[in-house]
Amino acid sequence: MCRTPGMPCKKKSYPVDLPVASVVICFYNEAFSALLRTVHSVVDRTPAHLLHEVILVDDNSDFDDLKGELDDYVQKYLPGKIKVIRNTKREGLIRGRMIGAAQATGEVLVFLDSHCEVNVMWLQPLLAVIHGDPHTVVCPVIDIISADTLAYSSSPVVRGGFNWGLHFKWDLVPLAELGGADGATAPIRSPTMAGGLFAMNRQYFNELGQYDSGMDIWGGENLEISFRIWMCGGKLFIIPCSRVGHIFRKRRPYGSPEGQDTMTHNSLRLAHVWLDEYKEQYFSLRPDLKTKSYGNISERVELRKRLGCQSFRWYLDHVYPEMQIPGPNARPQQPIFINRGPKRPRVLQRGRLYHFQTNKCLVAQGRPSQKGSLVVLKACDYRDPTQIWIYNEEHELVLNNLLCLDMSETRSSDPPRLMKCHGSGGSQQWTFGKNNWLYQVSVGQCLSVVDTLGPKGSVAMAICDGSSSQQWHLEG
Ligand SMILES: *[C@@H]1O[C@H](CO)[C@@H](O)[C@H](O)[C@H]1NC(C)=O
């Protein structure tokens with residue numbers, strides 16, 4: 001089920017005359033070791049003739065070792081291609097990247113988070129696509145580095161989407177997008193990007209309006225640039241043969257300087273500039289924001305006009321036809337009909353969802369017909385039909401032929417629960433991966449048992465780490 005970069009990627013070769021890259025890494029109070037792991041992996045795993053420079057932007061960190069010690073380290077062990085820029089006040093990730101990009105002189109910009117490890121042959125597949133079409137923006141597959149053990153594991157290939165709360169989510173790649181002439185190595189069209197890691201022609205980055213400098217610190221900028229790319233004539237792809245590991249932290253370790261909700265401020269700006277009539281979809285979920293101020297957006301509205309961009313409706317129709325549109329702007333033809341048709345999806349497997357470590361089965365906490373019911377581990381009872389799950393071709397897990405295992409997309413820290421099957425993927429898509437893990441596509445995490453020794457048997461989503469608390473088997 002998990003596609004990992006195996007032989008097909010290893011067999012690919014890339015032109016020698018690729019454009020050179022400036023790698024821009026913004027950091028704020030990053031662990032010294034994590035930053036060095038990022039920088040060293042870039043220096044060690046990028047052919048020297050393709051690495052024009054690495055630009056480190058220190059966003060006015062407080063940590064002492066990120067000052068003199070970092071400068072000394074760079075001079076001693078990484079001389080030549082590393083530049084360190086120091087912001088004199090906190091600018092945030094969004095303006096920080098613009099500051100780094102303004103100093104860059106390579107033909108291609110590559111943005112990386114400061115807690116990554118690039119894999120072998122990570123850059124050539126990205127550069128090759130940009131070389132072929134400078135109006136294409138590309139993302140590597142983001143592999144998982146556990147924040148607890150720092151172990152590296154590969155992720156399934158998924159693509160970016162979003163929900164009407166304007167949160168990014170992962171989606172399984174629709175079948176129609178897979179299996180072109182290059183099979184599993186072909187670029188995959190992605191409606192949005194996660195934001196931390198991508199590469200883009202530098203001149204194109206500038207022409208397309210960089211980022212919205214009225215956005216603060218962090219949040220929403222990834223959707224804004226994704227919409228802008230597609231709506232204004234560009235393309236956005238995930239490149240399966242390029243892999244970069246990323247440390248997934250359980251919580252964002254820092255906030256904004258005055259504790260503002262920058263995600264909401266930024267989302268409002270993007271809604272007012274790019275969403276047209278579909279901003280009503282956002283406001284119907286967040287009516288409190290309808291009258292909230294969002295600063296001056298006239299420059300961004302002007303940019304959209306100047307670039308002659310398409311409507312948001314065009315984007316939904318052409319780039320993300322799988323998106324469900326409830327409410328006032330509902331599409332005449334809901335994709336649910338396309339996905340599901342009048343028939344039920346084909347059953348792939350049927351059985352109990354067995355947890356190896358505890359020797360128990362996943363069942364409904366209350367009645368299995370109760371919408372919203374949580375799921376827990378209980379003793380397996382081989383005569384009990386309410387313990388039977390169906391795994392179908394839509395990647396849904398249906399309990400007792402009734403309700404689907406579901407993740408809340410707006411409150412992704414909530415544990416999974418049983419909900420009416422909606423047939424539109426995302427929050428109800430699960431894949432069985434290597435290590436017997438059960439991977440939830442939209443949150444990019446694995447189903448995990450919280451208290452393996454306790455009597456309660458609660459489950460929650462957690463970073464996939466291959467541990468025995470995350471091993472499941474659907475058995476007939
Ligand atoms: C908004 O910004 C534009 C250009 O940056 C400026 O011309 C305009 O006066 C500003 N509007 C307000 C209400 O401040």
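Each ligand, and each atom within it, is numbered from 1 in the order the structure gives.
A104 meets the side-chain contact (heavy atoms from CB on, under 4.5 Å) test with S22, E53, I55, L109, R202; sequence neighbours excluded. For T38, there are no side chain to side chain donor-acceptor pair (under 3.5 Å) partners two or more places apart in sequence or in a different chain.
Side-chain contact of W274 with E224: a donor-acceptor pair under 3.5 Å is present, judged by distance alone. Side-chain N/O atoms of N60 and Y28 include no donor and acceptor closer than 3.5 Å.
Of all atoms in ligand 1, numbered sequentially from 1 with element shown, those under 4.0 Å from a heavy atom of N296 are 1 (C), 2 (O), 3 (C), 8 (C), 10 (C), 11 (N), 12 (C), 14 (O). Atoms of ligand 1 lying under 4.0 Å from at least one heavy atom of S298, given by number and element, are 1 (C), 2 (O), 3 (C), 4 (C).
For H40 and Y73, the gap between ring centers is short of 6.0 Å.
Under the 4.0 angstrom criterion, atom 10 (C) of ligand 1 counts as having a protein heavy-atom contact. Inside a 4.0 Å radius of atom 7 (O) of ligand 1 there is not any protein heavy atom.
Looking only at protein heavy atoms, the nearest one to atom 5 (O) of ligand 1 is E299 OE2, 3.2 Å.
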